[in-house]
Each structure stands twice: as C-alpha cells, then as structure tokens.
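Down below is the structure, laid out as structure tokens.
Letters A, B, ... are given to chains in the order of the sequence lines, protein chains preceding strands, and every chain is numbered from 1.
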Protein chains: 2
Amino acid sequence: MDETLELTERRVTGCCRPALAPRLDAAAAKRLSDDLSILSHPMRLQILDLLAQRDGQICVCDLEAALPVKQPTVSHHLKLLREAGLIDSERRGLWVYYMIRCEAVTALRDRLLTQLDALR
Amino acid sequence: MDETLELTERRVTGCCRPALAPRLDAAAAKRLSDDLSILSHPMRLQILDLLAQRDGQICVCDLEAALPVKQPTVSHHLKLLREAGLIDSERRGLWVYYMIRCEAVTALRDRLLTQLDALR
DNA sequence: CAACTATATTGACAACCTTCAATCTATATG
DNA sequence: CATATAGATTGAAGGTTGTCAATATAGTTG
C-alpha cells in the first residue's frame, strides 16, 4: 500500500490535514521555556521585586528577613538568578549586596513579549 | 536589650536597613508564577504555537504526529492547557478538535506584561 | 591569630513533573 | 450487537526542583 493512498484515505476520513509542523522548533521552544522557568517561582519573583523596589542594593540578610525561607534557600535562588544574568552581586566587607540588572530584565521581558505575541 | 538599640546597631554595622517587605505578596507571587508555569514547558509552547498557526482546529492525532511524544503525553498537556483556560476542545464524531482561546492568551500576555514591568 | 559573622556550598530528603504502557470510554459502522 | 478507532485516564517509573541542617569559606575585629 503506497503513501499517497494512505494520505488520501486519511483526508477522506475527515480528520487529519497534511503536514502540520511547528513554526517554533524544539530548540526555540526550549529557549523560551528556560526564559519562563527562571521567573516561574514565587520566591524568585519576590526577590526580583525586592531588588527592583530598593533599586540600590540589598544584602542577603535583609532578603532572608523579608522572606519565609532559610538562608541557604535564599542563596540558592540568588545563584539561579545570577546565573540567568538577571542580578549581580558585590561583596562589601562581610556582606554581599545584590542588585537587579535592569537591562537584563528588560531584555528578557522583550523576548517574552515578542514570542508570546507570535502565539496568536 | 531593646529593639531600638538592636536596630541602631544593625544600621551602624553598615548592613541592613529597616523594614524591607515585598510589594508582591506571597499570594500575588504565586498567581504570577502559576501564569508563567503553564507556559514554561517546551511541549506546551509548541502545542500553543501549532494551534495558533492553524487558527481553525486541530485534532489530537495531528498534534501527536507533529510532536515527539506519545498520545497520552499530548493529552496530558492539552488537559493542563484547557484547565488554564488557554484552549478549548470540541468533539466531532470520533475526533476531538482543539482550538486556541485568543482572548485568554492575550489576557495572560497582558497580565505578564504588567507584572514584569513592575519589576523595574 | 582566635573568635566571630555573613554568605556559599554540600548532601540528603521530599515534593512535584513528565512520560509512557495499559486500560477505559465514547463514537462509528458493518 | 460486534468490532474498530480516537482520545482520556490511571498508575508506575524516572527526573528535576526546592528546602534545610550541617559545614565550608571569606572577611572582620579584638
């Protein structure tokens, strides 16, 4: 039985139309979902919010005091945000101060916006 | 030792400033992260993309053919998207056709945009 | 340098998420 | 009604992520 016949049969049954392929390929989908994943945790959102609010700098102990998790957990999320390029840190004496990288947040926002708008 | 003294000491040490509280409360952060989570999977993004592209309707067998996962996995992601209100379905005979809910995607996009813009 | 403090790292554990084979349900058709 | 097909559901297995106690590191201060 040849493919042409098979395709015709499928069309006849009323179901599937020919060749449906994603515009968004697997790699692009992965990149977009990575962009979304870094943001999709309440604690990371609250940390970004705190850093944005006090647009100077905040030390870890302030963050720890403002959030309902222990210090290693705060450090863990800070590390993820830093690896994603969304925040930066600077040691001053005993303390480490964190600050938001506005251009990076803006760039991320713009990427998300562009790609979400393509989904319509 | 009273609190006032403690606060003064902290300020003197150069670290923590008074009262840092998230503008984004825990519940709002959870809602936002839920919005992000539904999107943050490559397969769901590709499904939305396929549905947006063919803005009519697509049956599950077409989706299954276009994606590198088995039928139960496709159904699983479709269920999550439907529960999130981003897509809709309609049985026609043996087949179930899925369609994107543009207003819902737009509303989600707008929510994200608003809240991300507050993070700066 | 000893004692101390702020933060980072490690490792263990639990919770959650993704996937699939197997099975179930609904519909169609001979 | 028997058989067949599309899709949903269930349950198990594996993977990833989030949390914390314990510990390590880096800087400070007497």
Among [options], find the nucleotide with the atom closest to the side chain of [X].
X       : options               : result
B:Lys79 : C:dA21, D:dA8, D:dT9  : D:dT9
A:Leu80 : C:dT18, D:dG18, C:dA8 : D:dG18
B:Cys61 : D:dT19, C:dA6, D:dG7  : D:dG7
A:Pro72 : C:dA22, D:dA21, C:dT7 : D:dA21

Rounded to whole Å, how long is the line connecting atom [atom1] of [X] with atom [atom2] of [N]?
X       : N      : atom1 : atom2 : answer
A:Trp95 : D:dT28 : CH2   : P     : 9 Å
A:Asp62 : C:dA6  : CG    : C1'   : 12 Å
B:Leu63 : C:dT19 : CG    : C1'   : 17 Å
B:His77 : D:dG7  : NE2   : P     : 17 Å
A:Glu64 : C:dA8  : CD    : C1'   : 12 Å

For this session: Kindly determine whether A:Leu51 and A:Tyr98 satisfy side-chain contact (heavy atoms from CB on, under 4.5 Å), including the steps that lead there.
Result: CA-CA 7 Å; A:Leu51 293 176; A:Tyr98 280 85; 4.0 Å; yes

Excluding sequence neighbours, so at least two apart, what forms side-chain hydrogen bond (donor to acceptor under 3.5 Å, both in side chains) with [X]?
X       : value
A:Lys70 : none
A:Arg31 : none
B:Gln71 : B:Ser75

Exercise. Where along residues 82-94 of chain A does a heavy atom come under 4.0 Å from DNA chain D, residue by residue in number order?
Worked result: A:Arg91, A:Gly93, A:Leu94

Exercise. Among residues 27-53 of chain A, which contact DNA chain D at a heavy-atom distance under 4.0 Å?
Worked result: A:His41, A:Arg44

Exercise. Linking I/L/V/M/F/W/Y whenever any side-chain heavy atoms sit under 4.5 Å apart, do B:Leu50 and B:Met99 land together?
Worked result: no

Problem set entry | Main-chain N/O of A:Ile38 paired to A:Arg44 side chain as donor or acceptor, under 3.5 Å | yes

For this session: Please check if the side chain of A:Asp49 supplies one atom and the backbone of B:Pro22 the other of a donor-acceptor pair under 3.5 Å.
Result: no

For this session: Please identify each residue that fulfils ring-ring contact (aromatic ring centres under 6.0 Å, His included) with B:His41, with sequence neighbours left out.
Result: B:His77

Problem set entry | Phosphate OP1/OP2 of D:dA6: any B:Tyr98 side-chain N/O under 4.0 Å | no

Exercise. Between C:dC20 and B:Thr73, is there an OP1 or OP2 to side-chain N/O distance shorter than 4.0 Å?
Worked result: yes

Exercise. Any salt bridge between A:Asp117 and B:Arg109, counting N to O under 4.0 Å?
Worked result: yes

Exercise. Which sits closer to the 5' end of DNA chain D, A:Val69 or B:Gln71, going by the nucleotide each is nearest to?
Worked result: B:Gln71

Exercise. Across the strands shown, which category fits B:His76 at heavy-atom distances under 4.0 angstrom: base, sugar-phosphate, nothing?
Worked result: base

